Visitor: 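Following this message is one structure expressed as structure tokens.
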Amino acid sequence: MRVLLVGAGGVGTAVTRIAARRGFLAHMVVADYDLTRAEAAVAALKEHGDRFSARRLDASDEDAVRRLLTEERCDVLLNATDPRFVMPLYRAALAAGAHYMDMAMSLSAPHAERPYEECGVKLGDGQFELADRWAAAGRLALVGMGVEPGLSDVFARYAADELFDEIEEIGVRDGANLTVEGYDFAPSFSIWTTIEECLNPPVVYEKDRGWFTTAPFSEPEVFDFPEGIGPVECVNVEHEEVLLIPRWVDARRVTFKYGLGDDFIAKLKTLHELGLDATAKVTVPGADGPVSVSPRDVVAACLPDPAGLGERMTGKTCAGTWVKGTKDGAPREVYLYHVVDNQWSMSEYGSQAVVWQTAVNPVVALELLATGVWQGTGVLGPEALPPRPFLDLLTEYGSPWGLREQG
């Protein structure tokens, strides 16, 4: 399999380190707007010969992406950029006749009049609008194939297939006990994406109501996470699982809640109140005259790069899917989960826990596609495909998952 990886940040670099150890990969072109980042990712893999190469690429330039896919004879485009670039990369892959995979879906837009009650443009709507074209082309767009969304969706499908007869609720729950030495505020993932998902109206699904929204950080609950992480307060956050899972898994209710903490939430609220979460550019003075910048990009530039926090980080991160329903007429409640210890991911791969946990799942999916174990056309979420081969291969990668009976 020949892969065009777009984005050589923390997750993209972790993808290269994981994929380098697997035999299914014939070649991976690592492309980034900043060529030095792509070159650094490739240089770290010199012992793997010529299976990796670096290119400069503007992810917003559809024609350039299409040309590179064609020139490099790539079978699939793996998108490791932030969600702003989903649609141009998605359209370029379709135009080039390549398959496509991402870890976050096309952006949402709140309802103009009732943002905390009704959905406007939902996450992924732009991609699903082109589903017929992907199916007609005989190509697959596998969307939301990271850890959350991604592995969490695989867990949901596994629960429906093997653990339950009827499902009352599926709730993705994410928590961690990670700390970063020397920083009071140092998000372990892209602040651009974090702001987007945390400050947008969260989406909830109910079978008799469909998709609807609530206020940010609503419905707080304390969830007890496994492997020593312990109780963490979680709140509603906008996330793709709520938009994906109901398309393929029968459940009465689907939610996503994230363990953010009061301090983190307060800082996000302050950014919003000051307008520093905005993406529209503003004009500021510069050394050579006025400069147009996005406030959110300024915030990102002022914070440490999440990819470089690993040496200062301690603790574990947990991604998982809580499921409540019945099996053989009896009530059942389980939590399927995946925990990564930062000390392990740093010593084994040189990548901090959150970005490594995100990166391993698309690599597993690529291998399943390369070997023909996973197949499909059109626009599919992870829960549309058989879960057991994925979970078995994830364990083979040296990163097992767990199942805890609740109650």
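The residues of the chain are indexed from 1 along the displayed sequence. Any value given below was found using the heavy atoms of this structure, including those in side chains, with hydrogens, waters and symmetry copies removed. Please read these numbers as outputs of a predicted model, since none were measured by experiment.
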Visitor: Any donor-acceptor pair under 3.5 Å linking the side chain of R252 with the backbone of K207?
Guide: no
Visitor: To the closest 0.5 Å, what do you measure between CD (E227) and NZ (K316)?
Guide: 5.0 Å
Visitor: Determine the minimum heavy-atom distance between V86 and S106, stating which atoms define it.
Guide: CG1-N, 3.7 Å
Visitor: If you take the centroid of each ring, where Trp contributes its six-membered ring, are W134 and Y90 closer together than 6.0 Å?
Guide: yes
Visitor: Before you tell me yes or no, could you show the steps for Y205 and W211 under ring-ring contact (aromatic ring centres under 6.0 Å, His included), namely the whole-Å CA-CA distance, both residues' side-chain angles and the distance that decides it to 0.1 Å?
Guide: CA-CA 4 Å; Y205 172 83; W211 288 293; 5.7 Å; yes
Visitor: Angle between ring planes, F256 versus Y258, binned at 30° and 60°: parallel, tilted or perpendicular?
Guide: perpendicular
Visitor: With no hydrogens and no angle check, is any side-chain donor or acceptor of T213 less than 3.5 Å from a backbone partner on E118?
Guide: yes
Visitor: Going by atom types only, do Y397 and E367 share a side-chain donor-acceptor pair under 3.5 Å?
Guide: yes
Visitor: Could you tell me whether a side-chain N or O of Q352 sits under 3.5 Å from a main-chain N or O of V354, the two making a donor and an acceptor?
Guide: yes
Visitor: Does either side chain, that of S152 or that of T321, offer a donor lying less than 3.5 Å from an acceptor on the other one?
Guide: no
Visitor: Considering only residues two or more places apart or on different chains, which pairs with a residue in residues 123-145 satisfy salt bridge (charged side-chain N to carboxylate O under 4.0 Å, His left out)?
Guide: K122-D125
Visitor: Would you check if W374 and F390 make a side-chain contact, meaning some heavy-atom pair closer than 4.5 Å?
Guide: yes
Visitor: Would you call R157 and D153 a salt bridge, using N to O less than 4.0 angstrom?
Guide: no
Visitor: Could you give the distance from CD (Q127) to CG (L107), rounded to the nearest 0.5 Å?
Guide: 9.5 Å
Visitor: Any side-chain heavy-atom pair from V203 and C119 closer than 4.5 angstrom?
Guide: yes
Visitor: Roughly how far, to the nearest 0.5 Å, is CE of M313 from CG of L178?
Guide: 5.5 Å
Visitor: Are side-chain heavy atoms of M1 and H99 found at a separation under 4.5 Å?
Guide: no
Visitor: Provide the full list of salt bridge (charged side-chain N to carboxylate O under 4.0 Å, His left out) pairs with a residue in residues 384-407, sequence neighbours left out, each pair given once.
Guide: R22-E396, E162-R388, R332-E405, R388-D392
Visitor: Under 3.5 Å, is there a donor-acceptor pair between the side chain of T317 and the main chain of A176?
Guide: no
Visitor: State the CH2-CG distance between W356 and N342, to the nearest 0.5 angstrom.
Guide: 12.0 Å
Visitor: If the threshold is 4.0 Å, N to carboxylate O, is there a salt bridge linking E219 and R253?
Guide: yes
Visitor: State, without any angle test, whether E117 and H111 hold a side-chain donor-acceptor pair at a distance under 3.5 Å.
Guide: no
Visitor: Within the 4.5 Å heavy-atom criterion, are C198 and F217 side-chain neighbours or not?
Guide: yes
Visitor: Taking T13 for the side chain and G10 for the main chain, is one N or O donor matched with an acceptor at less than 3.5 Å?
Guide: no
Visitor: Between the side chain of N361 and the main-chain N/O of G150, is any donor-acceptor distance below 3.5 Å?
Guide: no
Visitor: So is R247 actually on top of F128's ring, under 6.0 Å and inside 45° of the axis?
Guide: yes
Visitor: Can you establish whether the number of heavy atoms outside Y33 located under 6.0 Å from its atom OH is more than 12?
Guide: no
Visitor: Hey, is R296 close enough to D277 for a salt bridge, meaning N to O under 4.0 Å?
Guide: no
Visitor: Can you see which heavy atom on A31 is nearest to which on L68, and at what distance?
Guide: CB-CD2, 4.3 Å
Visitor: Taking atom NE2 as the centre, does H272 end up with more than 12 heavy-atom neighbours from other residues, nucleotides or ligands that are less than 6.0 angstrom away?
Guide: no
Visitor: So do E62 and M87 actually touch side chain to side chain, heavy atoms under 4.5 Å?
Guide: no
Visitor: Could you please spell out the steps behind the side-chain contact (heavy atoms from CB on, under 4.5 Å) verdict for L163 and Y158?
Guide: CA-CA 7 Å; L163 304 180; Y158 175 76; 3.8 Å; yes
Visitor: For K327, does the NZ atom have more than 12 heavy-atom neighbours from other residues, nucleotides or ligands under 6.0 Å away?
Guide: yes
Visitor: Are L368 and L393 close enough that some pair of their side-chain heavy atoms sits under 4.5 Å apart?
Guide: yes
Visitor: Taking the side chain from S53 and the backbone from V29, do they hold a donor-acceptor pair closer than 3.5 Å?
Guide: no
Visitor: Taking the six-membered ring of Y349 as reference, does the NZ or CZ atom of R21 fall below 6.0 Å from its centre and within a 45° cone about the axis?
Guide: yes
Visitor: Would you sort out whether H239 and E148 count as a side-chain hydrogen bond (donor to acceptor under 3.5 Å, both in side chains), showing the intermediate values?
Guide: CA-CA 8 Å; H239 235 250; E148 292 172 342; 5.5 Å; no
Visitor: How long is the span from the NZ atom in K324 to the CD atom in Q406, to the nearest 0.5 Å?
Guide: 11.0 Å
Visitor: Of the non-hydrogen atoms in L142 and A365, which two are nearest, and what is the gap between them?
Guide: CD2-CB, 4.1 Å
Visitor: With side-chain contact (heavy atoms from CB on, under 4.5 Å) as the test, would you mind laying out the steps for V232 and F223 before giving the verdict?
Guide: CA-CA 5 Å; V232 178; F223 192 86; over 6 Å; no
Visitor: Kindly say whether E241 contributes a backbone atom to a donor-acceptor pair with the side chain of E383 at under 3.5 angstrom?
Guide: no
Visitor: Take K257 and N236, measure what side-chain contact (heavy atoms from CB on, under 4.5 Å) needs, and give me the verdict at the end.
Guide: CA-CA 4 Å; K257 293 188 180 183; N236 278 323; 3.4 Å; yes
Visitor: Using atom types as modelled and distance alone, determine if a side-chain donor or acceptor of D75 lies under 3.5 Å from a backbone N or O of R2.
Guide: yes
Visitor: Where the side chain of E240 meets the backbone of M105, is there a donor-acceptor pair that is under 3.5 Å apart?
Guide: yes
Visitor: For A159 and L336, which heavy atoms make the closest approach, and how far apart are they?
Guide: CB-CD1, 4.1 Å
Visitor: For a quick test of reading the model, state the closest non-hydrogen atom pair linking L69 to A98 and the distance between them.
Guide: CD2-CB, 4.3 Å
Visitor: Any side-chain heavy atom of F155 within less than 4.5 Å of one from L403?
Guide: no
Visitor: Between M101 and L369, does a side-chain contact (heavy atoms from CB on, under 4.5 Å) hold up when you go through it step by step?
Guide: CA-CA 11 Å; M101 189 185 302; L369 293 173; 3.7 Å; yes
Visitor: Provide the closest heavy-atom pair for A59 versus V6 in the form atom of the first, atom of the second, distance.
Guide: CB-CG1, 4.0 Å
Visitor: In Å, rounded to the nearest 0.5 Å, how long is the span from OG1 of T270 to CD1 of I265?
Guide: 12.0 Å
Visitor: Considering only heavy atoms from C-beta outward, does the side chain of P295 approach that of V282 to under 4.5 Å?
Guide: yes
